[in-house]
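To start, the structure itself, in structure tokens.
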Amino acid sequence: MMIEPPIDDLEKLAGGNKYVLSIIASKRAKEIETTRRTELATADKKSISIALDEIIEGKVEPSDLND
């Protein structure tokens, strides 16, 4: 079973820090849950998966933590 996106790639985007990665992902997942509640009800992905996809695509970066 392959996990997508790969954790190693995600970790590199967070400066090699898994703690920072987890904070970024959880903060973005919470934002997604509050803003896209109806979309998530019919989606086949959970908010955390969407958040990790956004991180790997470069839509969310560690500097966004300060917002």
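- Distance check, rounded to the nearest 0.5 Å: CD1 of I48 to CG of D53 gives 10.5 Å.
- In this structure, CD in E39 is found 9.0 Å from CD1 in I32, a value given to the nearest 0.5 Å.
- Note on R28 versus E31: salt bridge recorded, some NZ/NE/NH1/NH2 to OD/OE distance being below 4.0 Å.
- Under the 4.5 Å side-chain heavy-atom criterion for ILVMFWY residues, a single connected hydrophobic cluster contains both L13 and V60.
- Note that the CG atom of L21 and the NZ atom of K12 stand 13.0 Å from one another [nearest 0.5 Å].
- Summarising the geometry, atom CD1 belonging to I7 is positioned 7.0 Å from atom CG belonging to L52; distances are rounded to the nearest 0.5 Å.
- Summarising the geometry, atom OG belonging to S49 is positioned 10.5 Å from atom CG belonging to L40; distances are rounded to the nearest 0.5 Å.
- The two residues A51 and A25 have their closest heavy-atom pair at CB-O, 3.6 Å.
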Exercise. Kindly determine whether V20 and I24 satisfy side chain to side chain contact (heavy atoms under 4.5 Å, CB included), including the steps that lead there.
Key: CA-CA 6 Å; V20 170; I24 296 167; 3.6 Å; yes
